[in-house]
Amino acid sequence: MRLNQKKKYPAMAAEAGQPPELPRGLRPYRRAYRNWSGVINPGEFWYCAPRDAEDVIALANWAHRHSWGLRASGYQHTWAPLTVGCDRGAEGPRVLLLDTRRHLTAIEPAGPDTTRVQPGATMGELLGHLQQRGLGLISCPSTGQVTVGGVLAIGGHGSAVPAHGETALPGHGYGSLSNQVTALTAAVWDEDSGCYMLRTFTRSDPDCAALLTNLGRIFLVEVVLRAGPEQPLRCVSRMDITADELFSASNAGSGRTFADFVELTGRAEAIWFAFTKHPWLKTWSISPHQPTGAWKVSNPYNYPLSDRLPEPLARLIARIVVSRGRFAPWWGRFQLMFHWAGLQGFPPVVPSRWDLWGPSRHLLHYLRPTTLRVTTAGYVVLMERADLQWAISRFAAHYRSLLDAYRRRGAYPVTCGVELRVSGLDGPDTCAVPGARPPLISPLSPRPDRPEWDTALWFAIFTFPESSGHQGFFRDLEQRLLATFDDTRAALRVEWAKAWAFNGEAPWTDPHVLEHTIPTGFPINAESRQSPWNEAVDILDRLDPHRVFGNPFLNKLLIAHASG
Ligand SMILES: Cc1cc2nc3c(=O)[nH]c(=O)nc-3n(C[C@H](O)[C@H](O)[C@H](O)COP(=O)(O)OP(=O)(O)OC[C@H]3O[C@@H](n4cnc5c(N)ncnc54)[C@H](O)[C@@H]3O)c2cc1C
C-alpha cells in the first residue's frame, strides 16, 4: 500500500533510559501523552512511528524479547485509560507507543463496496475516499479527526436506526464501525513459530469477533470495511420543544417526542445544556435532492461558532465557570444562546444553519475536536424499539432530579449538559460474509437471550474536568441507571471511549461495575456455551499471550468472569 508521508512529527531524540535499539532502523522519540480532555496526562513516553505492517511485527518481537510493552496510539482523543492511565508510575518505564498517524494511513478500494484501510487513516479521510466512489456510511462518530484504528477499538458509533418504512441498502448497517469490517489483519502470536506474525482474519473466522472491538488489546495493521451507496442527508435543527415534551413518556405519539422524531427520520440527536429548558434537537433524513429552503453545504463542520474554541480560551471559560458554582446555570443558558446564534447565522455574513443539505459526510462530521474540552461519562441502553421513549424519559428524570438535588445543596457538578443519540445493533448480516459473528464486546453486540432488543440509546453527560463534585454526581447517576436498566426491560452497558465505573472519587474504579456489571452485560451464549466476554478474553490472551499489547488497566479489566 502507498505510504503517506505528509504529516510532520517531532524530531527524534536520543535520551537516557531510551529503549534498546529498535528493529529495522526505527528511531524512538519522546513525547508527553495527553488525552483530549487533559484528564489523562501522566507525562512522557517513548514513541515510534512504524512505517508498515512488517515494522509492527518486528516491534512486537523486539518488545517480547526485551520485555517492553507496546500501545497503539492515534489522536489520543479517548477519555478512557485504554492506551495509558493517569499514573505514569503504574505504566512502568518499558512502554513504547506506536503512533499510527504518520505512515499507516493508506486507503484503497478492495472491491466494489469494500475499502482497505490502514489504522492511522482518519475517519475524515475514509469518508472522503468513500464519497469519491459514490459510497458512504449510514452513521459514524461526529468528528473526523480520529483514527480508524481508534474508532474500531472502542466500537465507535453515530446516531441512526431505520426510519418508519426504511430498509437499509446493501452495505449499510445501523451499528458500530466495527460491524462494517469484512476482514482484518493483526499482529498476533504464532505458537508454532514462537513469534509474533501477521495474520488475516475474515469475518467467518471465529477469532475475528474478538478483534473487531478490541480496546487496543491487539494491534490491527489493516482492515477491510464494507460501505453502502452514498445517500445525501438533510439535517434540520430546532430549539422550540421543551425538554419536558421531548423527553416525556406520556406524550409518545404526539409527534414532538424524541422517539417520534426517530420514527420519522431514523436519525436524531439532542443536546440538552445544563439548567436549560429547550434542548438543541438535530434530525437527519435521507434526501436525494436539495429540499427547498435547505442550505447546500460543501464541507463538513457546519457549526463553526460552537466548535472552534481555542484551547486556552476553553480552559479560561472552564476556570471561570467552576470557580463560582452558581455560574453554572448562567453558563448553560449562555451555551444555548451561543448555539442558537450560530444556527441563526452569526456572524451575519454566514447563512442560517437550521436546515442543511449535502453529501452524507458533510453532515455526519459536525464536531471538531477544537470544541470545548470537556470530560464525559457515557453509557448505552439496549432495549426494544418500542421502549425508546420510556428509556429516554427515565434517564431524563434521573438526571434532572439529581441536578436539582445537587443545586439545592449549592453544588453544580455538571456544567455543560447531556447528549442523547440512538442506534441499531451490530447484526452480522451487514458485512455480507457468510458465517460472520457480531463483535464480541462491542457496546452494540446483540443479546442472544433478548432477540427483541434491537435498539440502543446512547447518553453522555458532559462537564468541565475541573467541576467540583462531578465524580460523586456521576456515581449517583450511574447507580440509578443500573437500578433502572437492570436487565429486565432494558440493560445498561458502558461506552468504552468515555468514563464509567465511578466510585465517587474517580472513574474506572468501581470494582462491582468492572468485575461484574461489565462482563455480565455480555451474557452466556447458548450456542457456544460461553459468554462473549469470556470468549473475547480467551481469544485476546491466546493471540497475545505475552501481553505485549496489554496495559495495567486492560490487564485488570479483561479477565474472565466466573459466571461464563
Ligand atoms: C470531539 C470528539 C467527538 C467524538 N465523537 C464520537 C462519536 O460521535 N462517537 C463515538 O463513538 N466516539 C466519539 N468520540 C470518541 C472517539 O471516537 C474515540 O475516543 C476514538 O477511540 C478516538 O480515536 P483516536 O485516534 O484518538 O484513538 P486513541 O485515543 O489514540 O486510541 C484509542 C484506543 O484505540 C486503540 N488503537 C488505536 N490504533 C489501534 C490499532 N491500530 N489497533 C488496535 N487498537 C488501536 C488505542 O490503543 C486505544 O486503546 C469522540 C471524541 C472526541 C474527542
Original post:
Any donor and acceptor pair, going by atom type alone, linking the side chain of Thr265 with main-chain N or O of Phe261 inside 3.5 Å?
Top reply: yes
Original post:
So, are Glu222 and Arg116 salt-bridged, with charged N and O less than 4.0 Å apart?
Top reply: yes
Original post:
What heavy-atom pair brings Ala160 and Ser139 nearest, and what distance separates the two atoms?
Top reply: CB-CB, 3.8 Å
Subject >> Arg421 to Ser159 - nearest heavy-atom pair and separation >> reply: CB-OG, 3.4 Å
Original post:
Are any side-chain N or O atoms of Arg203 and backbone N or O atoms of Asn179, one a donor and one an acceptor, separated by less than 3.5 Å?
Top reply: yes
Subject >> Thr200 and Thr185: side chain donor to acceptor below 3.5 Å >> reply: yes
Subject >> Pairs meeting criterion ring-ring contact (aromatic ring centres under 6.0 Å, His included) with involvement of residues 178-211, two or more places apart >> reply: His64-Trp189, Trp189-Tyr196, Trp189-His546
Subject >> Parallel, tilted or perpendicular, as decided by the 30° and 60° cut-offs, for the rings of Phe459 and Tyr379 >> reply: tilted
**OP:** Please report the closest heavy-atom contact between Ala187 and Phe549, naming both atoms and the distance.
**Re:** O-CE1, 4.0 Å
Original post:
Would you say Glu495's side chain and Trp500's backbone share a donor-acceptor pair under 3.5 angstrom?
Top reply: no
Original post:
Do we get Arg31 above Tyr47's six-membered ring, with its NZ or CZ under 6.0 Å from the centre and within 45° of the axis?
Top reply: yes
Original post:
Counting N and O atoms only, with roles assigned by atom type, does the side chain of Asp544 sit under 3.5 Å from a partner on the main chain of Val548, one being a donor and the other an acceptor?
Top reply: yes
Original post:
Should the pair Arg450-Asp487 be classified as a salt bridge under the 4.0 Å nitrogen-to-oxygen rule?
Top reply: no
Original post:
Does the side chain of Arg133 come under 3.5 Å of the side chain of His129 through a donor N or O and an acceptor N or O?
Top reply: yes
**OP:** Starting at OG of Ser531, measure out to CZ of Phe522 and round the result to the nearest 0.5 Å.
**Re:** 9.5 Å
Original post:
Which heavy atom of Pro112 sits nearest a heavy atom of Leu135, and at what distance?
Top reply: O-CD1, 3.8 Å
Original post:
Does the pair Arg24 and Asp52 meet the rule for a salt bridge (charged side-chain N to carboxylate O under 4.0 Å, His left out), with working shown?
Top reply: CA-CA 11 Å; Arg24 306 183 92 218; Asp52 53 25; 3.1 Å; yes
**OP:** Ignoring hydrogens and angles, tell me if any N or O in the side chain of Trp36 forms a donor-acceptor pair with the backbone of Val374 under 3.5 Å.
**Re:** no
**OP:** Mark yes or no for whether Thr143, through its side chain, and Leu367, through its backbone, hold a donor-acceptor pair below 3.5 Å.
**Re:** yes
Subject >> Check: Asn302 side chain, Asn299 main-chain N or O, donor-acceptor pair, under 3.5 Å >> reply: yes
Original post:
Among side-chain atoms of Asp538 and Gln530, is any donor-acceptor pair under 3.5 angstrom?
Top reply: yes
Subject >> Main-chain N/O of Thr213 paired to Ser442 side chain as donor or acceptor, under 3.5 Å >> reply: no
Original post:
Thinking salt bridges, do Arg437 and Asp205 make one under a 4.0 Å N-O criterion?
Top reply: no
**OP:** Please check if any side-chain donor atom of Ser360 sits under 3.5 Å from a side-chain acceptor atom of Glu230, or the reverse.
**Re:** yes
Original post:
So which pairs with a foot in residues 142-170 pass ring-ring contact (aromatic ring centres under 6.0 Å, His included), sequence neighbours left out?
Top reply: His157-Trp458
Subject >> Test side chain to side chain donor-acceptor pair (under 3.5 Å) applied to Thr202 and Ser204, step by step >> reply: CA-CA 5 Å; Thr202 69; Ser204 54; 2.8 Å; yes
**OP:** Give a yes or no on whether the backbone of Ser73 and the side-chain of Thr83 come within a donor-acceptor separation of less than 3.5 Å.
**Re:** no
Subject >> Interatomic spacing from CG in Leu152 to CG in Leu212 - rounded to 0.5 Å >> reply: 8.0 Å
Original post:
If you round to the nearest 0.5 Å, how far is CZ of Arg234 from OG1 of Thr283?
Top reply: 8.5 Å
Subject >> NZ/NE/NH1/NH2 to OD/OE distance under 4.0 Å, Glu515 and Lys556 >> reply: no
Original post:
Does the Gln76 side chain pair with the main chain of Asn35, one donor and one acceptor, at a distance under 3.5 Å?
Top reply: no
Subject >> For Arg71, salt bridge (Lys or Arg N to Asp or Glu O under 4.0 Å) partners two or more places apart >> reply: Glu91
Original post:
Do you see a donor-acceptor pair shorter than 3.5 Å between the side chains of Glu269 and Tyr366?
Top reply: yes
**OP:** Please name the pair of heavy atoms, one in Ser445 and one in Leu440, separated by the smallest distance, quoted to 0.1 Å.
**Re:** OG-O, 3.3 Å
**OP:** Hey, could you give me the CZ/OG distance between Phe462 and Ser37, rounded to the nearest 0.5 Å?
**Re:** 11.0 Å
Original post:
Looking at Asp113 and Arg226, does any basic side-chain N land under 4.0 Å from a carboxylate oxygen?
Top reply: yes
**OP:** Can you tell me which residue pairs pass the salt bridge (Lys or Arg N to Asp or Glu O under 4.0 Å) test with a partner in residues 151-178, sequence neighbours excluded?
**Re:** Glu166-Arg267
Subject >> Trp390 six-ring centre to Arg489 NZ/CZ under 6.0 Å and within 45° of normal >> reply: yes
Subject >> Which atom of His66 lies closest to which atom of Arg94, heavy atoms considered >> reply: O-NH1, 2.6 Å
Subject >> Contact list for residues 104-125, test ring-ring contact (aromatic ring centres under 6.0 Å, His included), sequence neighbours left out >> reply: none
Original post:
Could you walk me through whether His362 and Leu356 pass the side chain to side chain contact (heavy atoms under 4.5 Å, CB included) check?
Top reply: CA-CA 10 Å; His362 293 166; Leu356 308 176; over 6 Å; no
**OP:** May I ask you to establish whether Arg101 and Tyr75 are in a cation-pi arrangement, using a distance under 6.0 Å from NZ or CZ to the six-membered ring centre and at most 45° from the ring axis?
**Re:** yes
**OP:** Write out all pairs satisfying salt bridge (Lys or Arg N to Asp or Glu O under 4.0 Å) with one or both partners inside residues 172-185, taking only residues at least two apart or from two chains.
**Re:** none
